[in-house]
Amino acid sequence: MDWIPCPCWGTYGDENVGEVADRDPVLLVSGIGGSILHSMKNGSKSQIRVWVRIFLANLAFKQSVWSLYNPKTGYTEPLDENIEIVVPDDDHGLYAIDILDPSWFVKLFHLTEVYHFHDMIEMLVGCGYKKGTTLFGYGYDFRQSNRIDLLILGLKKKLETAYKCSGGRKITIISHSMGGLMVSCFMYLHPEAFSKYVNKWITIATPFQGAPGCINDSLLTGVQFVEGLESFFFVSRWTMHQLLVECPSIYEMMGNPDFKWKKQPEIRVWRKKKSENDDDTSAELESFGLIESIDLFNNALKNNELSYGGNKIALPFNFAILDWAASTREILNKAQLPDGVSFYNIYGVSLDTPLDVCYGTETSPIEDLSEICQTMPEYTYVDGDGTVPAESAAAAQFKAVASVGVSGSHRGLLRDKRVFELIQQWLGVESKKAKRKQLRTRKVVDSG
């Protein structure tokens, strides 16, 4: 059962003022889709939130977030050359990863689908951490590669800030999902800085070996971040798809072909087959492994395009991004934990999690592979958090002090009571509320 704070503005606001507890600093690092993004016109100081927002979400997303990958720079850049995507750094980096749509409407109706690190921030404040002294956040442009300079140097700067503001104390990083891959890349690219600034690293729901079912389908048909009634106010599956095809971060979470999966992930397609006389048709189930799927992506996305500014823009499967992502996978495979840094891993279990994806049916087979992009998938499931298979999230190559499976969903783990208990245990802290309860218990025992 998830731990739930006060419905609107929190339960620990007053406890963040006054005496600062003796704490090593904590840096929270978000994952895919886990940071507020603003758009800013060149030459203007005003910013507009384009991710996440409930109202006019689809329109703002298309205008500002739709992008093309630039193979010369390695960056994904907005279609509108006059727009820059920025991540707000308010509240010591915590604002961008707290409530992803911080509008009054979301807070009033407590729409927890966009409450990201909010509950964890409140839990840590309740344990004596102080924003800007011992508690910091790092949100980033999650469209980009996990090893691109913008993200890596941003993380380095945030670690330096936390180190200085806490009086030179080493930091505990708590990363969620893809944030763990970025931390791994940073650890490989800047091992000296990692050793200097980091004491402990706690990962939650990190796709160390990829999330093949969800990522394969994201590249072919998109993804719906919010389900139910709220999805009608959110970015549509197709709109999201047109961005993800051009995102290096998505390609970097494809299933690792070098990992020894218990069962190799596959994409399956029911294909229409015609007889020699073209009168009779039948259906045949074709299977594509992690390597063979590349040809499938290429054929399925060959006609993919979007309309922007009155122009048609082709968005086929991007082989330049695939090559970049292959180099990122080499970095991830080579990354090593420096001596003196303690590693802890939390991964989700007990939920059906996509591994294989199937398109078409025996009675309604697919004739041309490009039809897949307009087809809803059927999944074959394994154990996990609903997004990342437990097999992948548990398979970090680093020696862990503890690796624990917790029953919960991919984003739900960020507000899970058991996860909070583990984090408090590994940090060696407890909430002020728990301390007061213990004190009252001692007084009762002593008076007895």
Side-chain angles (χ1 to χ4, degrees), residues 1-8 10-11 26 28-36 51-52 54 94 96-102 106-107 109-124 126 137 139 142 174-181 202-208 211 213-215 217-218 223-231 234-235 240 253 344-355 379 381-394 402-426 431:
M1 182 178 179
D2 289 346
W3 177 81
I4 301 175
C6 179
C8 293
T11 54
V26 167
L28 305 176
V29 180
S30 63
I32 185 78
S35 304
I36 291 174
W51 178 271
V52 170
I54 298 299
L94 294 165
I97 64 173
D98 187 340
I99 301 175
L100 300 183
D101 182 347
V106 168
K107 293 178 179 179
F109 290 97
H110 199 229
L111 302 180
T112 57
E113 286 283 358
V114 293
Y115 276 49
H116 200 53
F117 269 104
H118 178 74
D119 293 14
M120 188 178 295
I121 291 169
E122 291 205 330
M123 179 273 288
L124 290 168
F142 50 81
I174 302 178
S175 61
H176 176 248
S177 188
M178 189 183 76
L181 301 184
I202 300 171
T203 62
I204 303 172
T206 296
F208 286 107
C214 287
I215 295 301
D217 187 44
S218 294
V223 64
Q224 188 75 53
F225 269 89
V226 175
E227 302 294 339
L229 180 63
E230 294 169 32
S231 65
F234 211 64
V235 177
M240 182 64 69
M253 290 190 289
Y344 304 81
N345 188 21
I346 297 172
Y347 55 94
V349 296
S350 302
L351 292 184
D352 286 341
T353 303
L355 181 73
Y379 299 115
Y381 297 101
V382 293
D383 186 38
D385 61 20
T387 300
V388 180
E391 180 183 6
S392 171
S403 185
V404 183
V406 175
S407 179
S409 67
H410 189 67
R411 283 177 287 170
L413 290 171
L414 288 179
R415 56 180 184 269
D416 184 86
K417 182 177 180 180
R418 174 58 178 152
V419 170
F420 289 178
E421 290 173 349
L422 289 169
I423 289 174
Q424 290 174 5
Q425 175 187 333
W426 297 337
S431 69

Restricting to non-hydrogen atoms, name the atom on [X] and the atom on [Y] that form the minimum distance, rounded to 0.1 Å.
| X | Y | answer |
| --- | --- | --- |
| Gly31 | Ser177 | CA-CB, 4.2 Å |
| Ala402 | Trp426 | CB-CZ2, 3.7 Å |
| Pro354 | Tyr379 | CB-CD2, 3.5 Å |
| Asn345 | Thr203 | OD1-OG1, 2.7 Å |
| Ala211 | Pro207 | N-CB, 4.2 Å |
| Gly137 | Ile97 | CA-CD1, 3.9 Å |

Donor-acceptor under 3.5 Å ([X] side chain, [Y] main chain):
| X | Y | answer |
| --- | --- | --- |
| His176 | His410 | yes |
| Asp383 | Ser350 | yes |
| Asp119 | Leu414 | no |

> Which is it for Tyr347 and Val349 under the side-chain contact (heavy atoms from CB on, under 4.5 Å) test, yes or no, and what are the steps along the way?
Replying inline: CA-CA 7 Å; Tyr347 55 94; Val349 296; 3.7 Å; yes

Within this structure, what is the [atom1]-[atom2] distance for the pair [X] and [Y], rounded to the nearest 0.5 Å?
| X | Y | atom1 | atom2 | value |
| --- | --- | --- | --- | --- |
| Thr387 | Leu351 | OG1 | CG | 9.0 Å |
| Asp352 | Asp385 | CG | CG | 12.0 Å |
| Glu421 | Asp416 | CD | CG | 8.5 Å |
| Ile423 | Ile202 | CD1 | CD1 | 5.5 Å |
| Tyr381 | Thr353 | OH | OG1 | 9.0 Å |
| Leu28 | Leu124 | CG | CG | 6.0 Å |

>> Please determine whether side-chain contact (heavy atoms from CB on, under 4.5 Å) holds for the pair Tyr344 and Leu422, giving the CA-CA distance in whole Å, both sets of side-chain angles, and the decisive distance to 0.1 Å.
In response: CA-CA 10 Å; Tyr344 304 81; Leu422 289 169; over 6 Å; no

With a 4.5 Å limit on heavy-atom distance, are the side chains of [X] and [Y] in contact?
| X | Y | value |
| --- | --- | --- |
| Ile36 | Pro102 | yes |
| Met123 | Val419 | no |
| Ile99 | Tyr115 | yes |

> Can you list the steps and then say if Met253 with Ile32 is a side-chain contact (heavy atoms from CB on, under 4.5 Å)?
Replying inline: CA-CA 10 Å; Met253 290 190 289; Ile32 185 78; 4.2 Å; yes

> Yes or no on side-chain contact (heavy atoms from CB on, under 4.5 Å) for Arg411 and Glu113, after CA distance, side-chain angles and deciding distance?
Replying inline: CA-CA 9 Å; Arg411 283 177 287 170; Glu113 286 283 358; 3.8 Å; yes

